[in-house]
Amino acid sequence: MTGFRSPLRFPAPFGAAGAGVPRTRLKLHRLLRNLTSSGSPASPQTALYALCVSFFMICLDATVVNVAVPDIQASLGASLSEAVWVNSAYALCYAVPLILAGRLGDRYGPKRIFLTGLAGFTVASLACALAPSPEALIAARALQGLTAALIAPQTMSMIVHMFPAERRGKALGVWGAVGGAAMAAGPVIGGLLITWTGWRGIFLVNIPVGILGWIAAARLLPDWRPAKEHRLDLWGIALSGLGLTALVFGVQSGEAYDWGTVAGPVAIPLILVFGFLCLAVFVWWQHHNTREPLLPLRLFHNRNFSAASVAGGAMGAAMGGLFLPLMIYLQSDLGYSPLAAGAATVPMFALSSLCARLAGKWSDTTSPRALAALGFALLIVGTATLAWLLHPGISLWVLMPSLLVAGSGVGLVSAPLAGIATRTLEPSLVGAASGVFNTTRQLGGALGSAATGVLLQAHVGDTPTTATQAALDFPVAMLLIGLACCAVVRPVPKTHTV
């Protein structure tokens, strides 16, 4: 593969023998050089594991804070709205810059952006742990989200660059399994850390993991860089940033403001309209930008990428719409504590993680389209059966088979869908494609949570069981869209490589 260069190098400003330079400075220079020098090239498999350490951490931080909300409120004197924004700030700042982050990887090389994001995420985690007030914690969580957005698209890009198409499915399976394991571990790890150390411990644990992950990534990841210099589309960055910020904020916060006034003349509908207008102008500009657009629209000429992106958005919406009513049901109707309710989903996500790894392996020899379609079908069956079985006082063990069927579906969708999205793309578009693919899933998740909130509010006078059953209609509808997308995916010849 063209475009490989040696990993990070430090200039040698000290002369041949470091004459006249203080010994401490020379030792520091040598230490940094040793930390970031790879020596003999690492195998792609070893590099993949180094990549997954950091991916696990940012996925974990998306869910681990949920169980810490009461402790944060008590410790910092935060209102419920402020406590909710501890999570929302992360989700908002994670979703908005994903397209830009993917494109930065195309321009500067995914390893450089990955290491920058990981260093920033580690510093932001320290800021979260030391936050003296709710406002400081929300700001630090926003920084965590921004730096996590730098990391996420590069993980897919690096896998595409490190593995040939015929071996990529197995690698994407490991990647998908890590995401599933993080979701499974989030509530449990969060609960244990809060019990032992308080809520600050869930951020402090990121610091040693981030440092070790940075060193491993610096030494083991190949430093792929583009063969030509890419330009940054400043107008595209501004329009997409404004549009996505308004859209995600409006969808996430609409329920909190009762879909009405936020401040003065600014209301949620106005924010949403502004967001859509910015994105419409963004698409127009991308079409007319003859130099180098932030989002090359020729990506969507690829039917498989387009179908996988829509299916990924539908999957994100379904997941966003499934777990909120389920958590409410387990706590309000069955009387589970927040930690116990979170732990009840661990078997589901553990099975999801196993199935993701198997699906990745199978997709190298079997049709990824068939595996993704099977995953969506199992998710539909599991979710629909779950809604049908719900009634007051039902045992969790009766619901567990439906949850496990849904969990196996989640695992079967993840890796094949990522493979479908990237397998037939030219290398110069991989970063942008990774950003778009991750963005659609994040936007889908925000839409799913908002739609579920609306459905639950519409049944506010009903029993928790009736409200949950009604809310679960939405994820089923989204999953049917995902299944339909699989039907239009073109089979990829086994000899095709990126």
Is any side-chain heavy atom of [X] closer than 4.5 Å to a side-chain heavy atom of [Y]?
X      : Y      : result
Tyr329 : Leu399 : yes
Leu130 : Phe203 : no
Leu295 : Val436 : yes

Q. Under 3.5 Å, is there a donor-acceptor pair linking the side chains of Trp199 and Ser75?
A. yes
Q. How about Asp233 and Trp285: does a side-chain donor come under 3.5 Å of a side-chain acceptor?
A. yes
Q: Kindly indicate, with the supporting measurements, whether the criterion side-chain contact (heavy atoms from CB on, under 4.5 Å) is fulfilled by Leu472 and Val476.
A: CA-CA 7 Å; Leu472 289 178; Val476 171; 5.6 Å; no
Q) Pairs in or reaching into residues 59-78: which pass salt bridge (charged side-chain N to carboxylate O under 4.0 Å, His left out), with residues at least two apart or in two chains? A) Asp61-Arg141
Exercise: identify the closest heavy-atom pair between [X] and [Y]:
X      : Y      : answer
Cys486 : Phe376 : SG-CD1, 3.7 Å
Leu330 : Ala344 : CD1-CB, 4.2 Å
Pro153 : Ser434 : O-CB, 3.5 Å

Q.
Does Phe276, at its CZ atom, have more than 12 non-hydrogen atoms belonging to other residues, nucleotides or ligands within less than 6.0 Å?
A.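 Open.
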Q. Please walk me through it: do Trp224 and Val160 pass side-chain contact (heavy atoms from CB on, under 4.5 Å)?
A. CA-CA 11 Å; Trp224 181 88; Val160 171; over 6 Å; no
Q) Between Tyr90 and Phe121, what is the ring plane arrangement, given parallel below 30°, perpendicular above 60°, and tilted in between? A) perpendicular
Q. Nearest 0.5 Å, what's the OG-CG distance between Ser402 and Leu378?
A. 11.5 Å
